[in-house]
Amino acid sequence: MMMTRTRFHLHAFIKQQQAVKGNSFLRPLKTPLSHSQQLGLQFSSTHTTTFLASLLHSDSFSNGDHRPQSKFQKVTSLDDALNLFDEMTQRRPLPSVIKFTQLLNAVTKMKHFSSCLDLFRQMCAIGVPVDEYSLSIAIRCCCRLYRTKDGFALLGCCFRRAVVPNVVVYNTLLDGLMLEDRILEAERLFKKLIKHKLCEPDVVTYSTMIKGLCKFGSNDIAIALLRLMDERRCKPDIVAYNTILDSLCKDRKIDDAFKLFNEMVFDKGILPNVITYNTLIYGLCLLGRWEEVSKMLKEMEDVSISPNFRTYSILVDAFCKEGKVDDAEAVIDIMVERGVSPNIVTYSSLIDGYCLRGEMNKARNVFDSLKCKGLVPDVVTYNSLLNGYCKNLEIEEAMLMFDEITKKGLKLNIVTYSTMLQGLFRVGRRGAARKLFDEMRAQGLVLNECAYGIILDGLCNNQHVEEALSLFHLVGDSKLNSNIVVYTILIDGANKCGKFDIAKDLFNALTLKGLQPNLRTYNVMISGLCGEGLLEEAKQLFLKMDDSGCPPNNVSYCVLLQGYLKNQHYDDVEMLLQEMDGRSYSLDASTLSLFIDQIAAGSLDRNMLKLIGRLVPKELMGTLA
DNA sequence: TTAGGGTTAG
């Protein structure tokens, strides 16, 4: 309801605000629809059509950045910068610190943080009187190199040189702490700034704290800080709001996001920008709320905000994840028509989309065509294709791809290794997997939750549950082992290897660990209990699901039914089927075939056939006939 | 007349 009201008023409201704020939203010229755009309307799904319609009606992309270029923006390579620096140091008198700062800035823009620090040191050595500007750039470089500690050392340098660190310097350090996940220290510094009046926190200080809080999943505290800054007469801006909106969207709390969005626009009079829209569109895509995505695209058009390459990329990715690669291709065509260049990210999504459908030739074609588009695949692109080959069990191709990554001078990361490991495990090449795992560790790569899960799962599925358990014990009492997914993999693995006792111990350990079983954990455990013929316990666990706020899904019913049928325990079967009917669930192929066998053998009442018939999904209708 | 915060891909 809220959404409808918003959609209805927003256009007019924003238009009115724009009029007040002058011409900053000048509408770009309309371009006529191209032939391929018109063709775009003929795509498959209904929501696609609405989508493309929204896209087709919006204006062409305009970059809009016409700021004058400083001399230092012409420095396009590190070599240029270093040469210029040398030249500057030889001039007499020395150029002002401002000139040097501009150069340092150009070098950091190119992300050459170490070099920038070298230059800064040289500046100090030759006696350039550094100020809070050049110092804050140097501190920022330390932070970006994950050496915030050195940033604090430079803060000491500030004091020695009688430069009083200002709010920008502190903001940079706060950002560095957040980058290193040192949220508690950031909080301490933030409080210290206020308590000791070291500087007056400004909108960037608050936004940096908000970003960190969101990163740690504390959306509520982030929102509280947003209120606090308002009270302290530091008006939150679009960045502060976008940060929280992004976090809410990523947490799939889209309704909360829209509530905040309304507050931002209607109560605070802050106009959304393209990032706000991208964020909300991303959140809606994540939930598959396509109609609303269309509305947002339309709304962007209404308020004259052109979609940018990220907007299109989000749509491409969302389509690919849905398996609608043709629609994703259509979005890319529209981008190109409008002069918005798809980048490597856009094409990586497309490759992913093809891989997901097992269309490896098409994925490969996209990959091979990158070069003539002037795009260089990065390690993520390679990982996508590698993942495709692995999932489609084309292990030889996958290994060729794996080798190619290093040949291209790219660094294999944890995702590359875990993708390849998963592939090797899937085809049962445990020896090769072991070798790769050792290589990965020799590279100094640290296991993350996903890689760890893949390895445990791979070992279990290759009948090496003991080895999985040794790894689990080796990892010990760490964050990696405080994850329900890890436990579920092991419980499942132990069951599949016939080690039910181990599965049961692991399941019982969950409460001690303070971990909440998820749907999959319950299903795996119910399956294990049924496998042991412990039907009463299986039933009790099944009943517990509802009470634990994790109601049984389709799989839970099928697992329990299979347990009952295999153990000739028919008492609850009809009741379960009726419940399934009530919940609009359906039987899967293996459960259905068990039913058919038992009815044929005369173990089950034929009267149940009608009920079973209602639970057969369309695609399995043939089986029943 | 030089510095700081926000959005996309595994």
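We name chains A, B, ... by the order of the sequence lines, and we start the count at 1 in each one. When reading the values below, keep in mind they use all heavy atoms of this one structure, side chains included, and skip hydrogens, waters and symmetry mates.
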So, are A:Asp326 and A:Arg357 salt-bridged, with charged N and O less than 4.0 Å apart?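 The answer is no: the pair does not qualify as a salt bridge.
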Whole angstrom is fine here: how far is it from [atom1] in [X] over to [atom2] in [N]?
{"X": "A:Leu225", "N": "B:dG5", "atom1": "CG", "atom2": "C1'", "value": "13 Å"}
{"X": "A:Leu103", "N": "B:dA3", "atom1": "CG", "atom2": "C1'", "value": "14 Å"}
{"X": "A:Leu297", "N": "B:dT7", "atom1": "CG", "atom2": "P", "value": "20 Å"}
{"X": "A:Gln422", "N": "B:dG10", "atom1": "CD", "atom2": "C1'", "value": "12 Å"}
{"X": "A:Leu410", "N": "B:dG10", "atom1": "CG", "atom2": "P", "value": "18 Å"}
{"X": "A:Arg310", "N": "B:dT8", "atom1": "CZ", "atom2": "P", "value": "7 Å"}
{"X": "A:Leu154", "N": "B:dA3", "atom1": "CG", "atom2": "P", "value": "18 Å"}
{"X": "A:Asn273", "N": "B:dG6", "atom1": "CG", "atom2": "C1'", "value": "9 Å"}

Cut-off 3.5 Å, side chains only: do [X] and [Y] have a donor facing an acceptor?
{"X": "A:Ser134", "Y": "A:Asp131", "result": "yes"}
{"X": "A:Asp352", "Y": "A:Ser349", "result": "no"}
{"X": "A:Asp378", "Y": "A:Thr381", "result": "yes"}

Determine the contact category for [X]: base if any of its heavy atoms lies under 4.0 Å from a base atom, sugar-phosphate if only primed atoms, P, OP1 or OP2 are that close, otherwise nothing.
{"X": "A:Asn105", "result": "sugar-phosphate"}
{"X": "A:Tyr282", "result": "sugar-phosphate"}
{"X": "A:Lys321", "result": "sugar-phosphate"}
{"X": "A:Val316", "result": "nothing"}
{"X": "A:Asn343", "result": "nothing"}

Is any side-chain nitrogen or oxygen of A:Lys211 closer than 4.0 Å to OP1 or OP2 of B:dG5?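 For B:dG5, OP1/OP2 do not have a side-chain N/O of A:Lys211 under 4.0 Å.
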Inter- and intrachain pairs under salt bridge (charged side-chain N to carboxylate O under 4.0 Å, His left out), touching residues 269-281 of chain A, at least two apart: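 Found none.
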Between [options], which nucleotide gets closest to the side-chain atoms of [X]?
{"X": "A:Val168", "options": "B:dG5, B:dG10, B:dA3", "value": "B:dA3"}
{"X": "A:Thr279", "options": "B:dG10, B:dT7, B:dG6", "value": "B:dT7"}
{"X": "A:Asp317", "options": "B:dA9, B:dA3, B:dG6", "value": "B:dA9"}
{"X": "A:Arg140", "options": "B:dT2, B:dG5, B:dA9", "value": "B:dG5"}
{"X": "A:Asp378", "options": "B:dG10, B:dG5, B:dA9", "value": "B:dA9"}
{"X": "A:Arg144", "options": "B:dT7, B:dG5, B:dT1", "value": "B:dG5"}

Ignoring hydrogens and geometry beyond distance, is the side chain of [X] in donor-acceptor contact with the base of [N] at under 3.5 Å?
{"X": "A:Asn166", "N": "B:dA3", "value": "yes"}
{"X": "A:Ser349", "N": "B:dA9", "value": "no"}
{"X": "A:Asp237", "N": "B:dG5", "value": "yes"}

Measure from the ring center of A:Phe85 to the ring center of A:Phe100 and say whether it is less than 6.0 Å.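 Yes, ring centres under 6.0 Å apart.
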On the ring face of A:Tyr347, is A:Lys373 found with NZ or CZ under 6.0 Å from the centre and within 45° of the axis?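 Output yes; distance and angle both within limits.
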Kindly list each side-chain donor-acceptor pair under 3.5 angstrom involving residues 183-193 of chain A, sequence neighbours excluded, with atom names and distances?
{"residue": "A:Glu185", "atom": "OE1", "partner": "A:Arg182", "partner atom": "NE", "Å": "3.2"}
{"residue": "A:Glu185", "atom": "OE1", "partner": "A:Arg182", "partner atom": "NH2", "Å": "2.7"}
{"residue": "A:Glu185", "atom": "OE2", "partner": "A:Arg182", "partner atom": "NE", "Å": "3.1"}

First locate atom CG of A:Leu284, then atom CZ of A:Phe258, and finally report the distance between them rounded to the nearest 0.5 Å.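 It comes to 4.5 Å.
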Residues from residues 120-134 of chain A sitting under 4.0 Å of DNA chain B, heavy atoms only?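 Those residues whose heavy atoms fall under 4.0 Å from DNA chain B, taken from residues 120-134 of chain A in numerical order, are A:Asp131, A:Glu132, A:Tyr133.
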With the threshold set at under 4.0 Å for non-hydrogen atoms, list the residues of residues 241-251 of chain A touching DNA chain B in residue-number order.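 Here the set is A:Asn242, A:Thr243, A:Asp246, A:Lys250.
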Under the ring-ring contact (aromatic ring centres under 6.0 Å, His included) rule, collect the residues that match up with A:Tyr241, sequence neighbours excluded.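 If we apply the ring-ring contact (aromatic ring centres under 6.0 Å, His included) test to A:Tyr241, skipping adjacent residues, there are no hits.
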Pair up each side-chain donor or acceptor in residues 150-165 of chain A with any protein partner under 3.5 Å, not counting sequence neighbours, and list the distances.
{"residue": "A:Asp150", "atom": "OD2", "partner": "A:Arg147", "partner atom": "NE", "Å": "2.8"}
{"residue": "A:Asp150", "atom": "OD2", "partner": "A:Arg147", "partner atom": "NH2", "Å": "3.4"}

